[in-house]
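We use all heavy atoms of the structure for the numbers below, so side chains are in, but hydrogens, waters and symmetry mates are not.
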Amino acid sequence: MKNIYSVFALIILLIASGCGNNSEKSNNAKSTNTQVEETINGTYTYSDNSVELEITISEDSWYGKTMIVTGFGSEYDSQNAQYDNGTVNGNDLYDNSGMVKIGYVSGKSLTISIGGQRVTLRKK
């Protein structure tokens, strides 16, 4: 009878230790499936044969550089670049007064309005 109790205790111990391993595996699976929320912070760029745009978002502010490609050389174009800045609220970009929405971020794209045209910049 003493052997039966020993075997029974051993079986309970094995079952209990097996359950502990399953819960650890379950916790590990949950932690690896957690998605990291992506931030909009970063630098977005656009260029073609007439203009180069670069906008950097940092927390609740954005800073931008617009460089017109003139054909007189990159040094000349850099010296005549225009700089601007503004505020960020959620995924929306506003001018420096914070009153006029000028663009928004969606995924890895930033869409702004320049001279009445929409331009999409891509995140680096």
Side-chain angles (χ1 to χ4, degrees):
M1 190 78 156
K2 189 175 183 181
N3 285 338
I4 292 176
Y5 288 120
S6 297
V7 171
F8 185 67
L10 183 60
I11 291 172
I12 291 175
L13 182 63
L14 288 173
I15 291 173
S17 68
C19 290
N21 288 340
N22 286 341
S23 66
E24 284 180 26
K25 288 179 186 174
S26 174
N27 287 340
N28 288 341
K30 287 180 187 174
S31 66
T32 58
N33 288 336
T34 304
Q35 292 181 352
V36 177
E37 193 171 313
E38 194 163 322
T39 177
I40 66 169
N41 291 341
T43 300
Y44 299 78
T45 60
Y46 171 85
S47 66
D48 63 18
N49 59 356
S50 64
V51 69
E52 292 180 15
L53 305 172
E54 181 176 284
I55 295 178
T56 300
I57 298 175
S58 179
E59 301 304 323
D60 59 354
S61 300
W62 65 268
Y63 308 91
K65 175 182 177 182
T66 303
M67 191 168 66
I68 304 297
V69 178
T70 62
F72 294 123
S74 62
E75 187 175 320
Y76 176 83
D77 295 343
S78 279
Q79 289 176 354
N80 293 297
Q82 296 180 10
Y83 297 88
D84 208 349
N85 61 48
T87 61
V88 177
N89 185 1
N91 286 359
D92 297 330
L93 279 70
Y94 292 86
D95 69 352
N96 58 8
S97 74
M99 303 297 281
V100 179
K101 181 178 172 181
I102 62 162
Y104 61 91
V105 176
S106 177
K108 293 184 182 273
S109 300
L110 186 158
T111 303
I112 59 171
S113 180
I114 297 178
Q117 293 185 347
R118 297 182 89 101
V119 179
T120 301
L121 292 78
R122 302 284 179 212
K123 192 171 188 179
K124 282 186 176 179

Do you know which two heavy atoms are closest between D95 and I102, and how far apart they sit? N-CG2, 4.2 Å

Might you work through the side chain to side chain contact (heavy atoms under 4.5 Å, CB included) test for I114 and V51, ending with a clear yes or no? CA-CA 11 Å; I114 297 178; V51 69; over 6 Å; no

Do V69 and N49 have side chains that approach each other closer than 4.5 Å (heavy atoms only, starting at C-beta)? no

Taking only distance into account, with no hydrogens and no angle test, what donor-acceptor pairs under 3.5 Å do side-chain atoms of residues 70-79 form with protein atoms, sequence neighbours excluded?
{"residue": "T70", "atom": "OG1", "partner": "F72", "partner atom": "N", "Å": "3.1"}
{"residue": "T70", "atom": "OG1", "partner": "D77", "partner atom": "OD1", "Å": "2.5"}
{"residue": "D77", "atom": "OD1", "partner": "T70", "partner atom": "N", "Å": "3.3"}
{"residue": "D77", "atom": "OD2", "partner": "T70", "partner atom": "N", "Å": "3.4"}
{"residue": "S78", "atom": "OG", "partner": "S74", "partner atom": "O", "Å": "3.3"}

Is it the case that the side chains of Y46 and D48 hold a donor-acceptor pair, with the cut-off being a distance below 3.5 Å and no angle test?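 There is such a pair (donor and acceptor under 3.5 Å, judged by atom type) between the side chains of D48 and Y46.
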
For residues 117-124, which side-chain N or O atoms pair as donor and acceptor with protein atoms under 3.5 Å away, sequence neighbours left out?
{"residue": "R122", "atom": "NH1", "partner": "S109", "partner atom": "OG", "Å": "2.3"}
{"residue": "K123", "atom": "NZ", "partner": "T39", "partner atom": "O", "Å": "2.9"}
{"residue": "K123", "atom": "NZ", "partner": "N41", "partner atom": "O", "Å": "3.0"}

In this structure, would L110 and Y94 fall into the same cluster of hydrophobic residues linked by side-chain contacts under 4.5 Å?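 They do not share one cluster, since no chain of ILVMFWY contacts under 4.5 Å joins L110 to Y94.
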
Say you draw a straight line from [atom1] of [X] to [atom2] of [Y]; how long is it, rounded to the nearest 0.5 Å?
X    : Y    : atom1 : atom2 : result
Y104 : T111 : OH    : OG1   : 4.0 Å
I68  : S50  : CD1   : OG    : 7.0 Å
I112 : T66  : CD1   : OG1   : 7.0 Å

Show, in sequence, the C-alpha distance, side-chain angles and deciding distance for M67 and E54, and conclude whether the side chain to side chain contact (heavy atoms under 4.5 Å, CB included) test is met. CA-CA 9 Å; M67 191 168 66; E54 181 176 284; over 6 Å; no

So, applying side chain to side chain contact (heavy atoms under 4.5 Å, CB included) with W62, which one of I40, V88, N96, T87 is it?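 Checked I40, V88, N96, T87 against W62; only one passes side chain to side chain contact (heavy atoms under 4.5 Å, CB included): V88.
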
